[in-house]
Student: 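Dropping the structure in here first, questions after.
Below, each value reflects all heavy atoms present in this structure, side chains not excepted, and no hydrogens, waters or symmetry copies. Both ligands and their constituent atoms are indexed starting at 1 by order of listing.
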Amino acid sequence: MNPMKTIDGLDPIIFVIFGGAGDLAWRKLIPALFDLAQDRSQPAQFAIVAVDRIKLSDDALRRRLHDGVNQFSRFGKAKTAAWNQFAQHIQYQQGDFTKLQTYTALGKQCAKLEKEWRIKARRIFYMATPPSMFGEIPKYLGQAGLSRDRDWARIVIEKPIGYDLESARALNAILAASFDESQIFRIDHYLGKETVQNILAFRFANPLFEPLWNRRYIDYVTITVAETVGVEHRGGYYDHAGALRDMVQNHLMQLLCLVAMEPMVSFEADEIRNKKVDVLHAARPIHRDAVPQCAVRGQYGPGRADGKKVPGYREEVGVARDSQTETFVALKLFIDNWRWQDVPFYLRTGKCLPQQASEISIQFRAVPHQSFPPEASLGWQASRLILAIQPVEGIVLGFQAKYPGPKVQLRPVDMRFSYHESFDAPSPDAYETLLWDVMKGDATLFMRADQVEAAWQLVMPVLEAWQAASPSDFPNYAAGTWGPEDAQRLLSQGHSWPAPTELAAKCPRKGKHS
Ligand code: BG6
């Protein structure tokens, strides 16, 4: 085997983390890189250069990162030898992100490593900083000549990509001034989740459902991302963002694209990204005047969760006492194309809901003619397919079956696939998948500039309408309940938000998942 290459044939890598002493590096990036190294998905020539403002020695940084790995690694507490082996690849560089000299020093450090290794390395610049730095770092990287080499330099950016359409366009323009689109990796960590990737496999690797995946057979689709947690320690950020920016514009839109997209011709990154962006282009624009009919916002007040009292959103640290920020959103969307015309897509997400559940439900239409007598039904329901993303990972198909006995009686039953029962392999953390893809240069699971902007474009009328008119009823749901009652109002007659699947009780989780 070529000693320069890993089992996956990666080139030598210098992984630069701006904000390397911060929370994201500690909690997500270093544990993911460590886990990849344990799986030998890391080249022999590999360096992590953590750049941050504070004064810190290499050893002090390593101790801090070791603690993060012990807490968040998929392998549990790190074995001393494994950690020591990994830690020697980490170094620290103090620097101000808004000074050119930080970047020239970084350039020299990269050149020094390459000289030692006697080989050119791929340079990955990861912006794990507050968003206020997202517009600065690419400019300085450009000025220092560090973005010039299209094949060898990559930049990674995480949401929030802009605060609205205009700022997203401005940020994309800054990135484009120094980097080619092929060098830019915009992370939406939902796309790294195994079960999210499985939507493509389920839809396009099986001939069974695709013929039914359209307006003829599907009545409506719901996409739920429910969280039990509140804003935790992120009140300062969240109070300026809200659920529409924090969750809908990115994670829920990605799920929508994967469920609604047309089959791709090949597994090429741009082919898949084209098909996804087509969904956003086909989404029926929401007119500002029609926002009340298509969107509902909510904010949690005090309530109970797990038998304990929970404070209201306005009592959280970093949140304004009279905050108008939404912690719950429900939307009704339509995709205007041949496949989906007039099929409602209902999206909802919220904090402090009763149960953590990310699920997509495909509700099929009723049979065209009901041959069974009404008395045969013990709770008749049309078929429904649930794609359970987290914490339960699986797929459930609900259909009608005959109840045993001499009489003909029908009862809904479920057919279940559980990841944990079917596969004896733990799911990697989403960041492992995504960082590995950045290292390989596979952009399939990353958002392209046009997709980010199309998602903003779709939600902008809602943002604008909500900004123009303060909600009069906030807080309008108690923590530990399923959001404001108005979320029911969005649904057309006969439609309902599905109760999260009971798969959880039947398929206990194994291992760690993001
Ligand atoms: C983040 C949001 O992008 O996603 C958080 O900023 C949210 O508010 C989180 O809690 C949810 O991610 P996951 O992977 O826990 O579903």
Side-chain angles (χ1 to χ4, degrees), residues 19 22-24 27-29 31-32 71-72 74 127-131 134 156-163 168 186-199 223-256 258 297-300 305 310 313 316-319 323 325-329 347-360 387-393 419 427-435 445-447 452 455-456 459 479 483 500 504 509 511-514:
D23 188 68
L24 184 64
R27 184 187 297 271
K28 289 288 183 190
L29 305 184
Q71 289 190 52
F72 302 112
R74 176 157 58 90
M127 294 198 277
T129 61
F134 290 176
V156 188
I157 178 170
E158 276 212 41
K159 70 169 254 279
I161 298 177
Y163 184 74
R186 295 178 192 78
I187 286 194
D188 181 314
H189 78 277
Y190 259 62
L191 293 179
K193 292 181 192 284
E194 287 289 326
T195 36
V196 172
Q197 292 172 62
N198 193 44
I199 297 172
I223 301 178
T224 298
V225 177
E227 296 186 276
T228 49
V229 289
V231 287
E232 298 176 296
H233 56 282
R234 296 161 71 234
Y237 148 77
Y238 194 90
D239 209 30
H240 292 102
L244 192 63
R245 289 188 176 91
D246 186 53
M247 296 293 288
V248 177
Q249 186 274 341
N250 34 74
H251 307 324
L252 277 89
M253 288 295 163
Q254 292 296 334
L255 298 179
L256 171 72
L258 291 168
R297 57 181 154 171
Q299 186 191 75
Y300 63 87
V310 180
Y313 175 68
E316 304 271 16
V317 180
V319 171
S323 173
T325 302
E326 79 285 353
T327 60
F328 176 97
V329 174
L347 279 55
R348 68 174 169 169
T349 183
K351 297 223 180 259
C352 274
L353 301 185
Q355 192 176 332
Q356 190 204 2
S358 298
E359 292 187 356
I360 298 167
L387 308 174
I389 291 164
Q390 66 179 18
V392 177
E393 300 181 311
Y419 258 71
S427 303
D429 183 274
Y431 276 86
E432 265 181 76
T433 305
L434 296 171
L435 296 186
L445 300 179
F446 298 83
M447 297 178 295
V452 173
W456 275 118
V459 300
R509 299 168 69 200
K512 279 180 144 191
H513 309 279
S514 75

Student: Measure from atom 14 (O) of ligand 1 to every heavy atom in Lys193, Gln390, His251 and give the option owning the shortest one.
Tutor: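 Considering heavy atoms of Lys193, Gln390, His251, the nearest to atom 14 (O) of ligand 1 sits in Lys193.
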
Student: So between Thr327, Val229, Asp429, Asp246, whose heavy atom ends up nearest atom 8 (O) of ligand 1?
Tutor: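 Going through Thr327, Val229, Asp429, Asp246 one by one, Asp246 has the nearest heavy atom to atom 8 (O) of ligand 1.
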
Student: Just checking, Arg245 and Tyr163: is the charged tip under 6.0 Å from the six-membered ring centre and within 45° of the axis?
Tutor: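 Positive - Arg245 is close enough to the ring of Tyr163 and near enough to its axis.
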
Student: Going by side-chain hydrogen bond (donor to acceptor under 3.5 Å, both in side chains), name the pairs with one or both residues in residues 225-234, residues two or more places apart or in two chains.
Tutor: Glu227-Lys351

Student: If I apply the N/O under 3.5 Å rule, does Tyr190 come out as touching ligand 1?
Tutor: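 N/O-N/O distance under 3.5 Å: yes.
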
Student: Using the ring of each side chain (for Trp, its six-membered ring), is Tyr313 parallel, tilted or perpendicular to Tyr300, with breaks at 30° and 60°?
Tutor: perpendicular

Student: Do the rings of His251 and His189 sit parallel, tilted or perpendicular, given the 30° and 60° boundaries?
Tutor: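 The arrangement is perpendicular - the two ring planes meet at more than 60°.
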
Student: Can you confirm, on distance only, whether ligand 1 has an N/O atom lying under 3.5 Å from any N/O atom belonging to Tyr237?
Tutor: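 Among all N and O atoms of Tyr237, none is under 3.5 Å from an N or O of ligand 1.
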
Student: Output the list of atoms in ligand 1 that are nearer than 4.0 Å to some heavy atom of Met247, sorted by atom number.
Tutor: 2 (C), 4 (O), 7 (C)

Student: Taking only heavy atoms of Lys351, which atoms of ligand 1 are found under 4.0 Å from at least one of them?
Tutor: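 Per the distance check, 5 (C), 7 (C), 8 (O), 10 (O).
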
Student: Could you list which atoms of ligand 1 come closer than 4.0 Å to a heavy atom of His189?
Tutor: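 With His189 as reference, the close atoms of ligand 1 come out as 1 (C), 3 (O), 4 (O), 12 (O), 13 (P), 14 (O).
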
Student: With nothing but distance in play, are any N or O atoms of Gln356 less than 3.5 Å from an N or O of ligand 1?
Tutor: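 In fact, backbone or side chain, Gln356 has no N or O that close.
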
Student: State, to 0.1 Å, how close Thr325 and Ala241 come at their nearest heavy-atom pair, and which atoms those are.
Tutor: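 Scanning both residues completely, I find the closest heavy atoms to be CG2-C, 4.5 Å.
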
Student: My understanding is that only residues two or more places apart in sequence, or in another chain, count here; which of them pass side chain to side chain contact (heavy atoms under 4.5 Å, CB included) with Pro354?
Tutor: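 With neighbours one apart ignored, the set is Trp482.
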
